[in-house]
A.B. asks: 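Got a structure here, written out as structure tokens. Questions coming.
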Amino acid sequence: MAPAQPSAQPLELTYPRPDIAVITLNRPEKLNALSYELVEGLHTALDGIAANNECRVVVLTGAGRGFCSGLDLSNPSPPEAGGGTEFPRSGMRWQERIANLTVKLHRLRQPVIAAVNGAAYGGGFALAAASDIRVAAESARFCTQFIKLGIGGCDIGVSYTLPRIIGAGPAFDLILTARAIDAAEALRLGLVTRVCDDALAEALQIAETLCGYGKFGLESTKQVLWANLDAGCLENALHVENRSQILASSGGGVAEFSAEFRHRRR
């Protein structure tokens with residue numbers, strides 16, 4: 001069998017409809033490993049989506065047999081990533097550039113749905129964990145991997161995101177041991193919420209459902225959920241919820257949705 005040829009573009013951004021963006025990591029010959037070009041492409045795509053007021057939901061997936069196998073170890077410290085600085089400054093710039101992808105996913109107004117097929121290892125695991133919803137194909141495999149590479153097990157946000165998704169005990173287990181888990185165990189742990197034959201099709205169906213809800217309500221729900229994960233007490237969480245609800249009700253959408261709901265009941 002002839003070896004797979006490198007993809008023309010390391011990332012594809014498509015819009016199956018104007019309000020849904022699909023970001024496809026497109027290095028299938030490398031299981032979509034994170035190269036300098038792919039990281040920069042992701043930053044560009046996320047910046048563009050953040051400024052796109054018509055886009056309401058984002059689906060993140062990988063081409064071919066894998067979601068993302070992590071950092072491309074054939075070139076782990078690309079010289080262009082360091083901005084012409086010497087090590088360790090160059091390494092810190094590259095580290096921060098990759099890690100800030102999770103910040104951008106977190107800050108997007110649009111909910112992000114990770115459609116995980118095949119390997120989600122290392123940085124791929126981190127991107128999935130930074131998403132708001134995760135669905136998995138039967139082929140999905142998850143592994144933090146970092147500690148196996150001779151570095152710390154906490155990288156690219158997993159020490160923050162993973163305990164909030166599955167709890168501290170299971171997160172410590174997965175991060176310290178770097179053991180791989182399949183889709184069934186990921187579902188049992190709560191890392192993913194659905195396992196299906198076609199993760200991308202399932203993610204697109206979820207995206208269509210979300211696009212049927214109020215625009216401000218959808219954005220504010222994501223923001224409130226993340227804000228209240230760090231709330232110090234119930235009262236603080238309620239303050240954020242209350243303000244969001246009143247702001248959402250001031251746009252006129254509540255009357256429209258209420259009328260539609262009453263019509264469906266009739």
Side-chain angles (χ1 to χ4, degrees), residues 23 25 57-62 66-70 99 101-108 110-148 153-210 213 218-234 237 240-241:
I23 300 175
L25 311 180
V57 184
V58 180
V59 174
L60 176 64
T61 193
F67 177 75
C68 176
S69 59
L101 288 171
T102 60
V103 176
K104 286 189 176 179
L105 289 170
H106 204 248
R107 286 181 177 174
L108 278 181
Q110 300 94 336
V112 180
I113 306 168
V116 181
N117 52 305
Y121 278 34
F125 187 105
L127 292 176
S131 301
D132 304 299
I133 298 174
R134 285 157 298 282
V135 298
E138 295 281 357
S139 63
R141 298 291 183 272
F142 300 86
C143 179
T144 58
Q145 189 164 259
F146 303 115
I147 204 167
K148 293 181 178 179
C154 302
D155 196 20
I156 317 182
V158 295
S159 62
Y160 180 89
T161 56
L162 194 57
R164 284 163 171 76
I165 298 168
I166 64 174
F172 274 48
D173 179 359
L174 295 186
I175 292 172
L176 281 167
T177 66
R179 67 183 181 89
I181 61 172
D182 61 14
E185 185 169 2
L187 181 64
R188 181 180 64 79
L189 289 173
L191 177 60
V192 303
T193 53
R194 309 184 192 191
V195 176
C196 48
D197 293 332
D198 189 333
L200 179 56
E202 185 75 12
L204 288 171
Q205 186 173 8
I206 296 171
E208 289 184 7
T209 298
L210 298 186
Y213 301 143
L218 183 61
E219 291 182 10
S220 65
T221 297
K222 170 175 176 170
Q223 292 168 347
V224 171
L225 281 169
W226 279 109
N228 282 347
L229 279 175
D230 291 326
C233 62
L234 173 61
V240 178
E241 285 187 356

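Quick note: residue numbers are just sequence positions, from 1. Side chains included, hydrogens not; waters and symmetry mates left out as well; all remaining heavy atoms used.
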A.B. asks: Tell me the closest heavy-atom pair linking C68 and L25, and the distance in Å.
C.D. replies: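 Where C68 meets L25 most closely, the heavy atoms are CB-CD1, 3.7 Å.
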A.B. asks: Run the side chain to side chain donor-acceptor pair (under 3.5 Å) test against E241 and tell me which residues pass, sequence neighbours left out.
C.D. replies: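 For E241, no residue satisfies side chain to side chain donor-acceptor pair (under 3.5 Å) once neighbours in sequence are set aside.
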A.B. asks: Determine the minimum heavy-atom distance between A128 and V116, stating which atoms define it.
C.D. replies: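 Result for this residue pair: CB-CG2, 4.2 Å.
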A.B. asks: Do I165 and L189 have side chains that get closer than 4.5 Å, going by heavy atoms?
C.D. replies: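 A side-chain contact is absent here, since even the closest heavy-atom pair is not under 4.5 Å.
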A.B. asks: I166 and L191: which non-hydrogen atoms are nearest, and at how many Å?
C.D. replies: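 Looks like CG2-N, 3.6 Å.
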A.B. asks: Sequence neighbours left out, what passes side chain to side chain donor-acceptor pair (under 3.5 Å) with T102? Give chain and number order.
C.D. replies: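 T102 satisfies side chain to side chain donor-acceptor pair (under 3.5 Å) with no residue once adjacent residues are dropped.
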A.B. asks: Could you tell me which residues satisfy salt bridge (Lys or Arg N to Asp or Glu O under 4.0 Å) with D197, sequence neighbours excluded, listed by chain and number?
C.D. replies: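 For D197, no residue satisfies salt bridge (Lys or Arg N to Asp or Glu O under 4.0 Å) once neighbours in sequence are set aside.
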A.B. asks: Given side chains that start at C-beta, do those of I23 and V58 come closer than 4.5 Å, heavy atoms only?
C.D. replies: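 I23 vs V58: side chains touch.
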A.B. asks: For residues A136 and V192, report the shortest heavy-atom separation together with the two atoms involved.
C.D. replies: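 Shortest heavy-atom separation between A136 and V192 comes out as CB-CG1, 4.0 Å.
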A.B. asks: Kindly give the heavy-atom pair with the smallest separation between F67 and T61, and that separation in Å.
C.D. replies: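 F67 and T61 have their closest heavy atoms at CE1-CA, 3.8 Å.
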A.B. asks: Just jot down the side chain to side chain donor-acceptor pair (under 3.5 Å) partners of K222, sequence neighbours excluded, or say none.
C.D. replies: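 Side chain to side chain donor-acceptor pair (under 3.5 Å) list for K222, sorted by chain: D132.
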A.B. asks: Apply the side-chain contact (heavy atoms from CB on, under 4.5 Å) test between V59 and each candidate in L204, I133, V135, I206; give the one that qualifies.
C.D. replies: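 The option that passes is L204.
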A.B. asks: Is the number of heavy atoms from other residues, nucleotides or ligands within 6.0 Å of CZ (R164) greater than 12?
C.D. replies: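 Yes, enclosed.
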A.B. asks: Name the atoms and distances for all side-chain donor-acceptor pairs under 3.5 Å in residues 139-147, with sequence neighbours left out.
C.D. replies:
unit_1: S139; atom_1: OG; unit_2: G118; atom_2: N; d: 3.1
unit_1: R141; atom_1: NH1; unit_2: E138; atom_2: O; d: 3.3
unit_1: T144; atom_1: OG1; unit_2: L174; atom_2: O; d: 3.2

A.B. asks: Sequence neighbours left out, what passes side chain to side chain donor-acceptor pair (under 3.5 Å) with R194? Give chain and number order.
C.D. replies: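 Residues passing side chain to side chain donor-acceptor pair (under 3.5 Å) with R194: E202.
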A.B. asks: Mind listing the closest non-hydrogen atom pair of V57 and A207 along with its distance?
C.D. replies: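 Answer, listing the atom of V57 first, then A207: CG1-CB, 3.7 Å.
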A.B. asks: Find out whether R179 and I181 are in side-chain contact, i.e. whether some heavy atom of one side chain is under 4.5 Å from a heavy atom of the other.
C.D. replies: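 Touching, per the 4.5 Å side-chain cut-off.
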